Structures are given as C-alpha cells and as structure tokens.
Amino acid sequence: MVQPIERDGSMTVRVRYPPSPTGAQHIGNVRTAILNWLFAKKMGGRFILRLEDTDRDPSRYRPDVIPDILSNLRFLGIEPDEDWEKGGPVGPYIQSERLPLYQKAAEELIESGKAYRCYCTPERIAALRAGQQQRGEPTGYDRRCRYLTSPEMDKLSAQPFVVRLAVPLEGQTLYHDEVHGDISVENNALDDQVLLKSNGWPTYHLANVVDDHSMSITHVIRGEDWLPSTPKHVLLYQAFGWETPKWVHAPLILGTDHKKLSKRHGDTEFAEYIRRGYLPEALMNFLALLGWSPGEDQELYSVGDLIDRFSLEGITPHPAIFDANKLLWMNGEYIRKSSPTRIVDLSIPYLQEASLIKTEEDIELAERVVPLVTDRMKTLEEVAPLTDFFFGDMPKYDSKAVEKWLKSSDDGVTLAKILPRLEGIAADQFTVNLIEAAVRSGIEELGVPSPQVIHPLRVALTGRTVGPGLFETMAAMGKEKVLYRLKAIIAKEH
RNA sequence: GGCGCCAUCGUUCAGCGGAUAGGACAACGGGUUUUCAUCCCGUAAACCGGGGUUCGAUUCCCCGUGGCGCUACCA
C-alpha cells in the first residue's frame, strides 16, 4: 500500500474517480471526474481511476464502454496518475481482479461479528418487502439470519448465502461532510446492507470501502446521491477499524426543469458533445462550474485558472442545473478565442462528413472560408451549413431570397453592369480591396443605394441573404467561381 | 410511507449579520454594419411562507411548504 504521508508530515491528497461500465459516461460522471482531478492538481495530489465492474448482470454490464472512459478524460486533458492501463502502486485498478480482497474482508467481518451470513432467498426478501410496502411500513431486511443459532447455521451451511453488515441496533452514526457539514442518522433507520452477493462478488458498499482504504484515498468526492448510504460506509470503516477519508458530496445535476438529468433533457452522453463539436476547454470550463464556484463574477476560466481557484469550499450544496444553452454560448466564446488555423483543422472532418470536401482544392477553399464564419459558429458541427454554398459549382438557391433580390428585371441589369468590372480584375489580384473598389464604382455609376446591388450580388453568388461580408465572400470564392455563378444567373434572367 | 439534502432575478452562479442585493445566459431596446453573426452601450428582472435569535436578518435557529435524492444480491 502506498503511504499517503509525505516526509514533511503533510498528507498527500489521493482522490479517485470510479466509473462503472453500465452505460456511456454522462455529463454528471465527467463532472465528478473533473472535480476530483482539479482538486488533485490543486493540492499536488494523485488522481486515480478505478473500474467498478462488480455488477455483472447482463442487462447492465457494458464492457464496450470501458475504452471511452479513458479517451473522454484525455479529450479534456485529464491524464490519471494511476489507472488500469498504466497501473500503479496499489493495483489492480479493476475490481473484478480484486475479488479475493473483498472475500477476505467479508470473512474478517464475520469473524469479528460485524457481519453475518444470510441464507434468506431472494423470494423471501421480495415477499417481505411487498408486505412492508402494503402495510406502509419502512422496507428493509428483518434480520432473521442475524440471530441464527449454531445448529441452525450448520443445517443451512450448504445453502447459498449473502453476507450482510450487522448494523448497530441503537445509537446514531455521525459524519462530517465537507460541503454539507455534520450529518447524523439513527442507526435503527439503516438496513443490514448486503456486502457480498451470493455469487461471491462484492456490492458497491464493500468494494468501495475496501478499495478506498487499500488505495489510501484521502478524499471521497462523489455525487450527492451517495449521501444517504455514507453512514453505511462509515459503519464499515468502523467495523474494520480503519480511518475514514474526508467526505465531499457534490450536488446533483438537474435539467432546466429541475428534474434529474436524463434522456428527456436531450443529450446527456458526454461523447455526444465531442461529436457535435464542443471544444475541450469549453466543456472543462462549463462542467467545472456545475456545482462549483470560485466565488467571483467571472464565467470564462482556462484550465490553469480553474486549478488555481479550486477549493472544496467552493462546491455548492444546492443542485446544479445543466443549461445546454449556456454551454452553447460558452463554446462559441472559445471558438472565437481560438486561432483560425485551429478551427480550420477541427472543421475539416465535419466538412468531409457533410461531403463538401472531396478534393485537395476543396481543402484549400475550406482554409480560406472557415475563418470567415467562426464568428457565427457555436459548435464545429455548424461549419457545414454555414459554408456549404462555397463548395461545388452552384449553390442551393433559397426561394425567398431569390424572390426578394433576383426577381425584378433591374436586378439582372445590375448584375450585368457589375460583371465586366469583376472580369477586369486579374485572377491573382482578386482581393477584397480590389473587388470592393470595382463593385463600388459600379454602384456609383448605377446611382442606386449600395444595398440594391450588394443584396442581389450576394444572393446570386451564395443563394441566400445571410453570410459573411460580400467582398470577403467573393475573394475567398475566387474569380473563376464568382464569374461562373454570376454568368449563370444572368443567363437565367434573360 | 420512512430517512436525508436543498431553497436569491425567467434560468444560473455570487453574496457567508449592516451593500443602491452583484455577474452571466436568455429576453428587450439602441449603436456599428452590405445581410446574419460578432462587437459595444443600455433596460427590465430575485432573497418561498411563518416564527424566533439580534440593535439589525437574504445571511444564524426552528416549523411549514416545495423541489430533489436514497430506500436492490445497481453503482
């Protein structure tokens, strides 16, 4: 076992993030990982990843999601100090590889009378609960096997059994939570929790306590849904005679309707946000602020800022609401802060996905075009609909736009007037400045307000009424394509 | 039902006994502009209710109400 005590006498912080492979990681899981990681970084401690795969019910066990756990964290720039791939001093880091430890621990507890074998069948337990519910009584095991005599036990010894914790019948269990303060519960309200299942595998309660202790975890930072079962864990530590870690229960994440975050709230799967083109720094920033606050009026924080400011005191006691709209805004902020070349690089896969990029030339076009639309991008995914008109010979024409700016005969005349001026510019001189000068002089000659020329031109070239500045658009498009499209539209007018 | 946690603008995060209760998102209004977006300026908007404690409560305590969580041989 590693020693959490440093030579200078201070405690080395060791925190853990223990995902369970029962489904794709969601926002809440990752938020908990971030909180743990920030705390480790802040304290110069260690961030440990541990796989809690003790639930082998085929309907829940999903080994296929295991690789994503690591890759999702890495996407955010989180690299565990110890995990099941790189190992570490207190491995293995996969609970299914630690089974003997839990069995030994359970045995120890039975020896000392802190736990007992229970031979009750699942059927009896179910019937018991049903009756309790019907009568409006609190549900829970009736402790029948806790008081078995030796002869009775001998008779049952060949039967399958679970191991249950012998919760004290009286008194109360008190513990201190770093965000909620002192919490106490009456022991008589606690059930004799199953520690070891009849298949010999541990439940969360046992495995988590045994591992946190043997891995020298100093702070248990987890979601508030664990608050009610913490007394059972405290009792377990006491039964083993071990010192408890510090308890830190972070608030739950709810949807904007204040209900627990679920599929109903749209996407809650973390990887979905990666796919949709959210930047790691935006996700890190936003998720860190979900249930934690630096206590000041600022929203945008770099990872370094977050680490600098992180403290357990900043974890809020009330639920955190997941506001997808605010995430969207924040992502837009980070896109605009990024260098154009980075956004171009990140955008190319989305453009390929949308079948807009097919050739080397298309990539060059993308390099010119993407920087023109970063101001209106909130996610990388939006790059395709924002730039699609640049690609291919002709854009798709929006009927309303055409109706408004290309229908009157004046518009055709206008375009015809501008065309030769553009043709007069050399292909390698087709720059924003020269294009603007050419178009402006055409406008002057026509003697009409500039919008009456600019709008038809834009619709003719892009098929729509909104987009980047017209001259930038034309320069990026290139002389050849501009003339091709203009001529095509003029020909159609006649 | 039992046990536990929580409670500030429409939403969210601050505020940890004495302030004109602050920031952000969204909304609305205005400016810039060839459109949209960006950017800039501005407006509106909150302490769940009732008791205490205190010279003084948004802040501390109790009750109520409401929300959420747990109540599995799931984590």
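Bear in mind that the values here come from a model prediction, so they are computed numbers and not experimental data. Just so it is clear: chains get the letters A, B, ... in the order the sequence lines come, proteins before strands, and each one is counted from 1.
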For A:Arg458 and B:rC36, give me the distance from atom CZ to atom P, rounded to whole Å. 10 Å
Just checking A:Gly136: base, sugar-phosphate only, or nothing, at a heavy-atom cut-off of under 4.0 Å? sugar-phosphate
A:Arg376 side chain: which of B:rC6, B:rC13, B:rA37 is closest? B:rA37
A:Val185 side-chain proximity, nearest of B:rU34, B:rA75, B:rG4: B:rG4
Taking the same atom, C1', in B:rA27 and in B:rU34, what whole-Å distance lies between them? 28 Å
If you look at every strand shown and take non-hydrogen atoms under 4.0 Å, does A:Gln193 touch a base, only sugar-phosphate, or nothing? nothing
What nucleotide among B:rC74, B:rC6, B:rG1 has an atom nearest to a side-chain atom of A:Pro317? B:rC6
Would you tell me if any nitrogen or oxygen in the side chain of A:Lys326 comes within less than 4.0 Å of OP1 or OP2 on B:rG10? no
Kindly indicate whether a cation-pi arrangement holds for A:Arg164 with A:Tyr116, taking the cut-offs as under 6.0 Å to the six-membered ring centre and within 45° of the axis. no
Out of B:rC73, B:rG23, B:rU34, minimum distance to the side chain of A:His455 belongs to B:rU34
Quick check for you: among B:rC73, B:rU34, B:rA75, whose closest atom lies nearest to any side-chain atom of A:Arg129? B:rC73
What contact category does A:Arg336 fall into here, base, sugar-phosphate, or nothing, at under 4.0 angstrom with non-hydrogen atoms? sugar-phosphate
Using Watson-Crick geometry (N1-N3 plus N6-O4 or O6-N4) or G-U wobble (N1-O2, O6-N3), each under 3.5 Å, B:rC60 is paired with B:rG52
Across every strand shown, the nucleotide meeting Watson-Crick or G-U wobble geometry with B:rG66 (both distances under 3.5 Å) is B:rC6
When all nucleic acid strands are considered with a 4.0 Å heavy-atom cut-off, which category describes A:Leu227: base, sugar-phosphate, or nothing? sugar-phosphate
Inter-nucleotide C1' distance (B:rG49, B:rG66), Å rounded: 11 Å
Nearest-neighbour nucleotide for the A:Asp297 side chain, B:rU38, B:rA14, B:rA72 considered: B:rA14
Just call it for A:Thr54: base, sugar-phosphate, or nothing, with non-hydrogen atoms closer than 4.0 Å on any strand. sugar-phosphate
Between B:rA37 and A:Thr374, is there an OP1 or OP2 to side-chain N/O distance shorter than 4.0 Å? no
Taking only the side-chain nitrogens and oxygens of A:Lys197, find out if one of them lies under 4.0 Å from OP1 or OP2 of B:rC74. yes
d(CG, A:Leu252; C1', B:rA7) in whole Å: 15 Å
Please confirm whether the backbone N or O of A:Pro92 pairs with a side-chain atom of A:Arg98, one donor and one acceptor, at under 3.5 Å? yes
What do the steps show when you test A:Leu70 against A:Trp84 for side-chain contact (heavy atoms from CB on, under 4.5 Å), and what is the final call? CA-CA 10 Å; A:Leu70 248 340; A:Trp84 56 80; 3.5 Å; yes
Contact class for A:Ala320 vs. all strands (heavy atom < 4.0 Å): base, sugar-phosphate, or nothing? sugar-phosphate
When you compare B:rA19 with B:rC62, how far apart are their P atoms, in angstrom units rounded to a whole number? 25 Å
Within the 4.0 Å heavy-atom criterion, would you say A:Ser293 contacts the bases, only the backbone, or no part of the nucleic acid? sugar-phosphate
A:His205 and A:His233 aromatic centres sub-6.0 Å: yes
Categorize A:Pro319 for me: base, sugar-phosphate, or nothing, with a 4.0 angstrom heavy-atom threshold over every strand shown. sugar-phosphate
Counting any heavy atom closer than 4.0 Å, what does A:Glu52 reach on the DNA or RNA strands: base, sugar-phosphate only, or nothing? sugar-phosphate
Is the Lys NZ or Arg CZ of A:Arg276 less than 6.0 Å from the centre of A:Tyr273's six-membered ring, within 45° of the axis? yes
Between CG of A:Asp177 and P of B:rG4 the distance, given in whole Å, is 15 Å
Which one, B:rC5, B:rG69, B:rC36, comes nearest to the side chain of A:Pro228? B:rG69
Name the nucleic acid region contacted by A:Gly469, choosing base, sugar-phosphate or nothing; use a 4.0 angstrom heavy-atom cut-off, strictly under. base
Determine the contact category for A:Val194: base if any of its heavy atoms lies under 4.0 Å from a base atom, sugar-phosphate if only primed atoms, P, OP1 or OP2 are that close, otherwise nothing. sugar-phosphate
Do A:Asp375 and A:Arg336 make a side-chain contact, defined as non-hydrogen atoms from C-beta onward lying under 4.5 Å apart? yes
Side chain of A:His205 - closest among B:rA75, B:rU35, B:rA24: B:rA75
For this output row, return yes or no: ring centroids of A:Tyr204 and A:Trp226 closer than 6.0 angstrom. yes
Rounded P spacing from B:rA57 to B:rG18 in Å: 12 Å
Roughly how far apart, to the nearest Å, are B:rA46 and B:rA24 at atom C1'? 15 Å
Taking atom P in both B:rA14 and B:rG30, what distance in whole Å separates the two? 34 Å
Taking the side chain of A:Glu472 as heavy atoms from C-beta outward, which of B:rA24, B:rU38, B:rU34 is closest to it? B:rU34
Please state how far atom CG in A:Leu287 lies from atom P in B:rU12, giving the value in whole angstrom units. 17 Å
Does A:His318 make a side-chain N or O approach to OP1 or OP2 of B:rC5 shorter than 4.0 Å? no
How would you label the contact of A:Pro251 with the nucleic acid (heavy atoms, under 4.0 Å): base, sugar-phosphate, or nothing? nothing
Looking for any heavy atom pair under 4.0 Å, which part of the strands does A:Thr22 touch: base, sugar-phosphate only, or nothing? nothing
By nearest heavy atom, map A:Gly314 and A:Phe161 onto RNA chain B; which one lands nearer the 5' end? A:Gly314
With both distances under 3.5 angstrom, what nucleotide forms a Watson-Crick or G-U wobble pair with B:rU35? none
Report which part of the nucleic acid A:Pro21 touches: base, sugar-phosphate, or nothing (heavy-atom distance under 4.0 Å, all strands). nothing
Using the C1' atom on both, measure B:rG4 against B:rG17 and round to a whole Å. 29 Å
If we take the C1' atom in both B:rA44 and B:rG51, what is their distance in whole Å? 34 Å
Between A:Ile125 and A:Pro468, just flag the one whose closest nucleotide in RNA chain B comes earlier from the 5' side. A:Pro468
Could you grab the distance from atom CZ of A:Phe270 to atom CG of A:Leu73, nearest 0.5 Å is fine? 8.0 Å
Which nucleotide in the set B:rU34, B:rU38, B:rC73 lies at the smallest distance from any side-chain heavy atom of A:Phe471? B:rU34
All heavy atoms of A:Thr414 vs all of A:Val453, minimum pair found to be CG2-CG2, 3.7 Å
